[in-house]
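I have placed the structure first, in the form of structure tokens, so that the comments after it can refer back to it.
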2 protein chains.
Amino acid sequence: MSDSKPAVQCGIEEALSVIGDRWSLLIVRDVLRGVNRFDSLQDSLQISRNILTQRLSNLEEAGILVKAPIKSGARRMLYNATPKCLALVPVLVSLIDWSTHWSEKTNARWSRVIDKRTGEAVRVDLVNKEGEPVSLLDLDLKY
Amino acid sequence: MSDSKPAVQCGIEEALSVIGDRWSLLIVRDVLRGVNRFDSLQDSLQISRNILTQRLSNLEEAGILVKAPIKSGARRMLYNATPKCLALVPVLVSLIDWSTHWSEKTNARWSRVIDKRTGEAVRVDLVNKEGEPVSLLDLDLKY
DNA sequence: TAAATAAGTTCCAAAATGCAACTTAATCGC
DNA sequence: GCGATTAAGTTGCATTTTGGAACTTATTTA
């Protein structure tokens, strides 16, 4: 009996093995903004239908989305975000932050994640156990 | 003259168009932990050499890595992180955080990003403009 | 100065992705 | 209630991307 895959070595690899393809995070983004039907996802993303089928079923299997009929017994489906999906928001926000600061294509009309209570954009901060900000220059990657 | 690619609609797409494949973020992780030679990257990642060549040149072109000979005129190369690369740390940390909380495979030996001054693991926080924490439940994705 | 090494490149095989047409059942309009 | 439309896929094939192993070329090292 030989291992089919080498053991995952770190959380980055582990996460990427689930959402590290060209489509999954975009599907997550769309579902979180309420695009939660097969055809509307296809329209929004311009993804090919068979790949969308595959990705949705991967995300469901990973516990990131749940599929349910619009009402019991119906054929129309809704894909909804689980808490595990919502927990990906910091990943999305850190990607948005990075593009905002470092892409020459940055556009003010781009989607942002906002605090409903204030309407203000939310960002991501690196902090220590106590919640105090940590500078990028003080970091080290331990393996 | 027709557009070769549809315009990018959001920072998430923009970021993923640069680092959204199965290898780029792992290369970034490795370079940040000091794995910065062609052969050591190949050993560490078990990536095929031609793909590694491609990815490194994409990352260089994107301003994420810089390639330089070990000493001037030499053939041995070093791939080094730019500030734009270092700015990806919050993305890496948010992925690590997500795996830590939501993967059943979580392993304490997995790599972490630590604060050099204290040796403590660093995490990512969602905050508003004032740096105050914002709950996942108060968020909205605006498009 | 011969042997080993680093950094690729090349060629081919395999896998993933994309496209368009087709299927099937549910739902809508009348 | 019934025919037309729609939603959610599936299927088959073409294209693109990835992977693997051997080869190249210049550079170090012994």
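- First and last contacts of DNA chain C with chain A, using any nucleotide atom under 4.0 Å from a protein heavy atom and ordered 5' to 3', fall at C/dT17 to C/dT27.
- Under a hydrophobic-cluster definition in which Ile, Leu, Val, Met, Phe, Trp and Tyr are linked whenever side-chain heavy atoms come within less than 4.5 Å, directly or via other members, B/Leu137 and A/Ile114 are assigned to different clusters.
- For the pair A/Arg49 and A/Asp39, the salt-bridge criterion is met [side-chain N within less than 4.0 Å of a carboxylate O].
- Under the side chain to side chain donor-acceptor pair (under 3.5 Å) criterion, B/Glu132 pairs with B/Asn128, not counting sequence neighbours.
- Side chains of B/Val18 and A/Trp98 form a contact here, defined as non-hydrogen atoms less than 4.5 Å apart.
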Exercise. Determine, for nucleotides 17-30 of chain D in 5'-to-3' order, which nucleotides have protein heavy atoms under 4.0 Å from the base (write B), from only the sugar-phosphate (write S), or from neither (write -).
Key: -SBB----BBBS--

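- Of the possible polar contacts, one joining the B/Ser99 side chain to the A/Gly11 backbone as a donor-acceptor pair under 3.5 Å is found.
- A heavy-atom distance below 4.0 Å to DNA chain D is reached by none of the residues of residues 56-64 of chain A.
- By the criterion of side-chain heavy atoms lying less than 4.5 angstrom apart, applied directly or through intervening Ile, Leu, Val, Met, Phe, Trp or Tyr residues, B/Leu52 is grouped together with B/Leu26 in one hydrophobic cluster.
- Partners of A/Val127 by side-chain contact (heavy atoms from CB on, under 4.5 Å), not counting sequence neighbours, listed by chain and number: A/Asp125, B/Arg123, B/Asp125.
- At whole-Å resolution of the value, NZ in A/Lys67 and P in D/dA7 are 16 Å apart.
- The shortest heavy-atom contact between B/Ser44 and B/Val35 is CB-CG1, 4.4 Å.
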Which atom pairs, donor and acceptor, lie under 3.5 Å between side-chain atoms of residues 75-95 of chain B and protein residues at least two apart or in another chain?
residue	atom	partner	partner atom	Å
B/Thr82	OG1	B/Gly63	O	2.7
B/Thr82	OG1	B/Ile64	O	3.1
B/Thr82	OG1	B/Lys84	N	3.3
B/Thr82	OG1	B/Cys85	N	3.2
B/Lys84	NZ	A/Trp102	O	3.4
B/Lys84	NZ	B/Ala62	O	2.8
B/Ser94	OG	A/Ser94	OG	3.3
B/Ser94	OG	B/Pro90	O	3.1
B/Ser94	OG	B/Val91	O	2.9

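- When every heavy atom of B/Ile47 is checked against every heavy atom of B/Gln42, the shortest pair comes out as O-NE2, 2.9 Å.
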